[in-house]
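Quick notes on the structure that follows.
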Amino acid sequence: MRQSKLLAPTLREAPSDAEAASHRWLLRAGYIRQLAAGIYTYLPLARRVLHKIERIVHEEMERAGAQELLLPAMQPAELWKESGRYERYGDELIRLKDRHGREFALGPTHEEVITQLAGDEINSYRRLPVTLYQIQTKFRDERRPRFGLLRGREFLMKDAYSFDEDWEGLNQSYRAMFKAYEAILGRCDLDYRAVEADPGAIGGEGETHEFMVLADIGEDRIAVCNTCDYAANIEKASSVNSDAAPPTITGSLITAPQPAQVQTPEVHTIDQLCDFFQSGPDHMIKTLIYTVDGLQSVAVVVRGDHEVNELKVATYLGVTEVHLADAATVEQITGAPVSFAGPIGLDIPVLMDRDVLLMSEGIAGANQVDTHLQSVIPSRDMVHAVAGDFRNVVDGDTCPHCGKGVLQLLHGIEVGHIFKLGTKYSERLNAAFLNRQGQRQPMIMGCYGIGISRLLSAIAEQHHDERGLAWPTSLAPYQVHIMPVSMKDTRQVELAEQLYAKLLECGVEVLLDDRDERPGSKFKDAELIGLPYRIVIGKGADQDLVEWLEHGMSDGEVISSQQAIDRALQLLHR
Ligand code: 9G3
């Protein structure tokens, strides 16, 4: 490709709202342009990278035995009403009417569509198992699209759906997909973790895993053991409860002082409390009031240095989600403003994280304005509370899997999520088959997603340097960048054209910078675009010498043009 022809408008500056590195570089290097919030154009360079990612996905889906199809993006609302999800998803589900006034949704995912198709076209166990997949544009009207392609409102997803006659079959389909995902992310040269996750709203009856690309910009937090292979989304991660036992009756409880009120005017935060009592947050007892399913209130108590895990609380209570009560509700329930809520004397259920039970004594709100309690001993003073695992794990917690390792919290970008759905959708949409005993039975399903456009950004997050993108060779839009420094020097141009023709002839993907621009600007663009190999043709041209550069090399290696060709062919296995 000649760069004088290529539409890759590079920028010297990124817009200030581009916070993620990948977003900045993809904009500046002329890979993407925003059409509207969360809606992007993939310019030629990005389209070439997407093709390479898609090819890897197709190859691994093929290897896993999946069949590609293409489903419509326009989905009849009736399907979503039948599955019971039409109301559940509010503004995020983009709805429209056709010319006859019929309601449709722009597909954010395709469980309903694919399940109806399977129900219509598969009738016997003889046609099972089957796994169908597509790579297709999805629409989700995110409230806060951000970080470029990482969280968009229109994005490319590979979504696959497996149909089996029984759970053992589903386990096999799931394992095949899990392996395919490991292969895909490995071939994309990504440092990732497959983590145990929570199925969330999609539901489903079995295990579910997320594939997290490690990156500080990642919105998800995962806990990883430093010894075994345990890894879990923080929503789900647990830890071994330290082996310390709660203080016992025979010990300090008898002699220990009763909880005593202390006037703490204007003390609102845990930090202020620590200063006031000259103590650490691990001696504080934090009480948060939650509203469950919009009506019942519950108090959740954790140690001052821990956070409530709302998903664990909701799961324990058997509801889908809980919300922090508003200030008025807290006042009404505790008789005091928010920061003076305490676990003693409440007439609502109290859930206490098990680490609170282990506290020998602590400081809690007194449910009275400007007042706290000290000398609270949870195992004595909170006998009404239910003890359980209600907190987020923290760095240094003991691994629940091997009991030896220590958990480390990392940030990740969720690029894949796979689920065992069971019969949740096949029952609702009547996708049944005649089983081996001749009875009709709902198919056992799994679903498996990879964000293809998100993957492009995740790769850029892990493959860039301070001057621009730095693609892995297998994913770069072109493999070799040939750069004559001056288009006015006929020897340089002639040698560049020779190299260009030769490499093209050998099947190498080459970008020739034939633009008549200042060398500095050409070098900056090459560093932005981030191709793996660069051949600079400068003054050495008349001795048939060129400069060979690779990612991260500050100055190149001077070699002959023939050596440059041989090295390129060797490195690219041509
Ligand atoms: C919606 C909207 C947003 C959604 C969903 C539905 C996420 C929804 C979960 C999934 C589950 C799997 C198949 C590929 C892998 C992921 N956001 N999910 O169901 F209506 Cl607006 O999409 N689907």
Side-chain angles (χ1 to χ4, degrees), residues 38 57 61 64 66 68-96 103-118 131-145 150-163 170 173-174 177-178 180-181 184-185 194-195 197-212 219-220 233 235 311 320-321 413-422 424-426 428-429 431 445-455:
V57 171
M61 286 295 112
E68 186 185 11
L69 46 62
L70 184 57
L71 300 168
M74 278 185 66
Q75 306 184 5
E78 292 79 5
L79 275 181
W80 285 75
K81 291 175 181 170
E82 210 175 327
S83 72
R85 295 212 289 177
Y86 199 62
E87 298 318 321
R88 159 109 59 76
Y89 287 92
D91 294 341
E92 195 184 346
L93 180 62
I94 298 180
R95 305 154 199 261
L96 66 126
E103 292 177 298
F104 285 82
L106 284 185
T109 181
H110 282 69
E111 278 80 11
E112 283 79 3
V113 174
I114 195 77
T115 304
Q116 184 193 60
L117 178 77
T131 297
L132 303 164
Y133 83 95
Q134 63 174 350
I135 294 182
Q136 199 237 32
T137 300
K138 294 285 185 287
F139 300 88
R140 295 178 185 177
D141 200 353
E142 294 280 349
R143 183 197 314 270
R144 279 193 66 208
L150 287 179
R151 180 171 291 280
R153 295 195 289 169
E154 175 177 338
F155 54 93
L156 269 177
M157 183 197 276
K158 183 286 299 174
D159 46 325
Y161 305 85
S162 63
F163 299 87
L170 170 57
S173 300
Y174 189 89
M177 277 294 139
F178 192 104
Y181 277 48
I184 290 166
L185 298 182
V195 305
D198 179 85
I202 188 78
E205 293 136 56
E207 63 185 323
T208 166
H209 286 86
E210 286 164 341
F211 290 78
M212 295 285 187
E219 293 178 337
D220 290 278
N233 188 308
E235 290 174 348
L311 203 76
T320 47
E321 55 186 354
I413 301 169
E414 178 196 330
V415 294
H417 199 161
I418 62 178
F419 301 75
K420 289 182 179 174
L421 290 176
K424 173 173 178 175
Y425 290 88
S426 50
R428 295 180 186 187
L429 294 158
M445 290 176 63
C447 66
Y448 317 86
I450 289 186
I452 300 292
S453 41
R454 178 178 283 185
L455 201 48

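Heavy atoms only: backbone and side chains are in, while hydrogens, waters and symmetry mates are out. Along the sequence shown, residues are numbered consecutively beginning with 1. Atoms within a ligand are numbered from 1 in the order they appear, just like the ligands themselves.
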In terms of atom number and element, which parts of ligand 1 are under 4.0 angstrom from non-hydrogen atoms of [X]?
X      : result
Leu93  : 20 (F), 21 (Cl)
Cys447 : 12 (C)
Asp159 : 14 (C)
Glu92  : 3 (C), 21 (Cl)
Gly449 : 14 (C), 15 (C)

Taking atom types as modelled, find out whether [X] and [Y] have a side-chain donor-acceptor pair closer than 3.5 angstrom.
X      : Y      : answer
Tyr425 : Arg85  : yes
Thr137 : Glu154 : no
Thr109 : Glu111 : yes

Note: Thr109, heavy atoms under 4.0 Å from ligand 1, region reported as side chain
For Glu111, is at least one N or O under 3.5 Å away from an N or O on ligand 1? yes
Distance under 6.0 Å and angle within 45° of ring axis: Lys420 vs Tyr174: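 Cation-pi check for Lys420 and Tyr174: passes.
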Can you check whether Tyr448's main-chain N or O pairs, donor with acceptor, with Tyr181's side chain at less than 3.5 Å?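 Yes, because the side chain of Tyr181 sits within donor-acceptor range (under 3.5 Å) of the backbone of Tyr448.
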With a 4.0 Å cut-off on heavy atoms, is Tyr161 touching ligand 1? yes
Taking the side chain as everything from C-beta on, heavy atoms only, tell me whether Leu93 gets closer than 4.5 Å to Trp80.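 Result yes, sub-4.5 Å side-chain heavy-atom pair found.
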Verify the ring-centre separation between His209 and Phe211: is it less than 6.0 angstrom? no
On a heavy-atom basis, I'd like to know which of Arg140, Arg85, Glu142, Lys158 is closest to atom 10 (C) of ligand 1.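 Among Arg140, Arg85, Glu142, Lys158, the closest heavy atom to atom 10 (C) of ligand 1 belongs to Arg140.
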